[in-house]
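A short worksheet on the structure shown next.
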Amino acid sequence: MTERTYYILTFGCQMNKLDSELAAGQLEMAGYSLAESAESADLVLLNTCSVRAKAQVKATSLLCNFTRDVAGKSGRRIVGIMGCVAQQMQEKLTEAPYLAEFVLGSRAVSRLAEVLERLAAGERGILALEEDCASWDYEAETVSRLNKRSAYVAISRGCSNFCTYCIVPYVRGPIQHRRPESIVDEVRSLTDSGYIDICLLGQNVNAYDYDGCSFVNLLERVASIGGIRRLRFITTHPKDLCIDTVRMMVNPPFAPYISLPLQSGSDRILGLMNRGYTRGQYMEKVSWLKEYLPGAFISTDIMVGFPGETEADFEDTLEIVRKAQFDNIYSFVYSTRPRTKAASLMSDVPDEVIKARFKRLLALQRQNHIDRLKRFVGETVEVLIDGVSKKDKGAPCGRTPQHVIVNLPHDKCDVGELVEVTITGAGIRTLLGKVTKRIL
Ligand code: SAH
Ligand code: SF4
Ligand code: F3S
């Protein structure tokens, strides 16, 4: 039998990145090997995101491009789709103009092996949308990881929060918690094989609760496993962040980093969003972080243009941005998503107003970012190499313990290497440095 190859294109959040590694594991067990590019692969799998309308359009147009391309060629290549757009659009994606050969639901990644068998038997237009098991788990052995030092470990999947703008609960289903023993076993086997950077994943990671094992209990168990140098978790929901978690983060192996999405600084909008906290409560949690973890980086997500957002609401958001002094802000323009509660609200903020507000937020965060990164210049930091720089092709780049990107244009390093770096310059979101010592 000739060797068959695969390629996975991944979009969206870290959960999708992990799902791609789970899919790769099954492809490799079925005898596929990784191709050099999507164009040269026998099987192309698109792992998609639907969080904003633009992401969905990107996924479907890419799918059309790939399937059209196949029709023009020998017809040998198979194109499949997984992730949140797959779960959202289901059988539509097997029909014209999309013509995917298979659709794998966001809760059915473990069924890829079965799909591959059916493809081999000549079946096409396959739908595998749900797993037929009641609880959820996965085995460490079924993940094919590209990085040999940094790993994502899921502790839950899905989300039951139903923030009114968000499609995730509809395309990922309700939250399901993974057995703590499974999580601990996976982390232990990862550290045994040389992983030093562990990131625990969940859409609302700190809502973890398995039969009385709380998030803090789980963190305690994971942190006690030897060999971890950086332990992170994303994404933390402000309503569920408790002081015990913050206190625990003071000690190693916790990395000085937290992602705490604000979304809006207006109590009225937060209520309409169903976020479950007020601006006062959010700021109280920020003050815990500043008190217990003074050097830690706080990253946040902010949305502009939620239906009904007034100038006063937006000013409230800017005020929190000024007060909280975030180290990193990801800002988004509100996008109407099907089935969500906010989709039925009148979206009465004119586009020009949203654009102008977005620009004001960007200008403020630009200054914040510059101020926060400048203080690293001249310092020596530990950098874990995780790839090559986007701008400076070929130059290695990595992350500080605060998760800030450092580009190293004058050095040669391998992915997974841990190096000591002197910081020579600071940009808006990235640092520039020079390696002074190889650590690991
Ligand atoms: N689970 C995470 C976020 C997942 S989505 C949390 O609770 O924060 C990542 C970010 O996308 C969100 O923080 C939000 O800012 C943004 N987002 C989600 N839905 C959106 C929408 N309909 N329009 C614009 N941005 C959205
Ligand atoms: Fe979406 Fe809210 Fe769940 Fe985050 S917590 S995934 S924003 S519903
Ligand atoms: Fe996107 Fe799905 Fe993640 S919608 S952000 S890939 S959970």
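Along the sequence shown, residues are numbered consecutively beginning with 1. Counting convention: from 1, in listed order, for ligands and their atoms alike. The analysis underlying the following values was restricted to heavy atoms, covering all of them including side chains, and did not include hydrogens, waters or symmetry mates.
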Find all atoms of ligand 2 within a distance of less than 4.0 Å from any non-hydrogen atom belonging to [X], and give their numbers and elements.
| X | answer |
| --- | --- |
| P169 | 8 (S) |
| H237 | 5 (S) |
| F162 | 8 (S) |

Over 60° means perpendicular and under 30° means parallel, so classify the ring planes of F215 and F233, tilted if in between.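 Perpendicular: the ring planes of F233 and F215 meet at over 60°.
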Which label fits Y208 and Y210: parallel for a plane angle under 30°, tilted from 30 to 60°, or perpendicular past 60°? parallel
Using a strict 4.0 Å cut-off to heavy atoms of [X], name the atoms of ligand 1 that fall inside it.
| X | value |
| --- | --- |
| P261 | 8 (O) |
| R337 | 22 (N) |
| R275 | 7 (O) |
| D301 | 9 (C), 10 (C), 12 (C), 13 (O), 15 (O) |

Who's closest to [atom] heavy-atom-wise, of [options]?
| atom | options | answer |
| --- | --- | --- |
| atom 20 (C) of ligand 1 | N161, V51, T336 | V51 |
| atom 26 (C) of ligand 1 | M15, Q203, R52 | R52 |
| atom 5 (S) of ligand 2 | N161, V51, D301, V171 | N161 |
| atom 6 (S) of ligand 2 | I167, T340, V168 | V168 |

Under-4.0 Å heavy-atom contact between protein and atom 4 (C) of ligand 1: no
Please list the nearest protein heavy atom to atom 1 (Fe) of ligand 2 with its residue and the distance rounded to 0.1 Å.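 Protein heavy atom at minimum distance: C166 SG, 2.3 Å.
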For atom 2 (Fe) of ligand 2, what is the nearest protein heavy atom, given as residue, atom name and distance? C163 SG, 2.3 Å
Before accepting this row, confirm whether a basic side-chain N of the pair [X]/[Y] lies closer than 4.0 Å to the acidic partner's carboxylate O.
| X | Y | answer |
| --- | --- | --- |
| R179 | E186 | no |
| D327 | R375 | yes |
| E319 | R322 | no |
| R360 | E311 | yes |
| E309 | R357 | yes |
| E28 | R145 | no |
| K239 | E284 | no |

Give a yes/no verdict on whether any heavy atom in [X] is under 4.0 Å from an atom of ligand 1.
| X | result |
| --- | --- |
| M273 | no |
| V168 | no |
| V333 | yes |

Has ligand 1 got any nitrogen or oxygen that is less than 3.5 angstrom from a nitrogen or oxygen of [X]?
| X | value |
| --- | --- |
| T235 | no |
| Y165 | yes |
| S335 | yes |
| Y334 | no |
| Q263 | yes |

According to salt bridge (charged side-chain N to carboxylate O under 4.0 Å, His left out), does anything in residues 5-17 pair up with another residue at least two apart or in another chain? List the pairs.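 For residues 5-17, and leaving out neighbouring residues, there are no salt bridge (charged side-chain N to carboxylate O under 4.0 Å, His left out) pairs at all.
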When you look at R337 and S50, which way does the side chain to side chain donor-acceptor pair (under 3.5 Å) test go after all the steps? CA-CA 8 Å; R337 304 310 291 129; S50 194; 2.8 Å; yes
Test the [X]-[Y] pair against the cation-pi criterion, namely NZ or CZ under 6.0 angstrom from the six-membered ring centroid and within 45° of the ring axis.
| X | Y | value |
| --- | --- | --- |
| R232 | F254 | no |
| R52 | F332 | yes |
| R4 | Y32 | yes |

Nearest atoms (heavy-atom pairs only) where L63 meets I81: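 Looking at all heavy atoms of both residues, the shortest contact is CD2-CD1, 4.0 Å.
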So which heavy atom on I234 is nearest to which on S259, and how close?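 Here I234 and S259 meet closest at CG2-CB, 3.9 Å.
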For Q203, state whether at least one heavy atom is located under 4.0 Å from any atom of ligand 3.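 Flag set, Q203 near ligand 3.
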Quick one: does R229's side chain have a donor or acceptor within less than 3.5 Å of a partner on A255's backbone?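 Not at all, since once roles are kept as given, no pair shorter than 3.5 Å links the two residues.
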Relative to ligand 2, is [X] under 4.0 angstrom through side chain, backbone, both or neither, heavy atoms considered?
| X | result |
| --- | --- |
| N204 | neither |
| Y165 | side chain |
| R275 | side chain |
| C159 | side chain |

Check step by step if ring pair (Phe, Tyr, Trp, His ring centres under 6.0 Å) holds for Y257 and F297. CA-CA 5 Å; Y257 172 88; F297 258 45; 7.8 Å; no
Which protein N, O or S atoms lie under 2.8 Å from atom 2 (Fe) of ligand 3, given by chain and residue number?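 Result, waters dropped: C84 SG.
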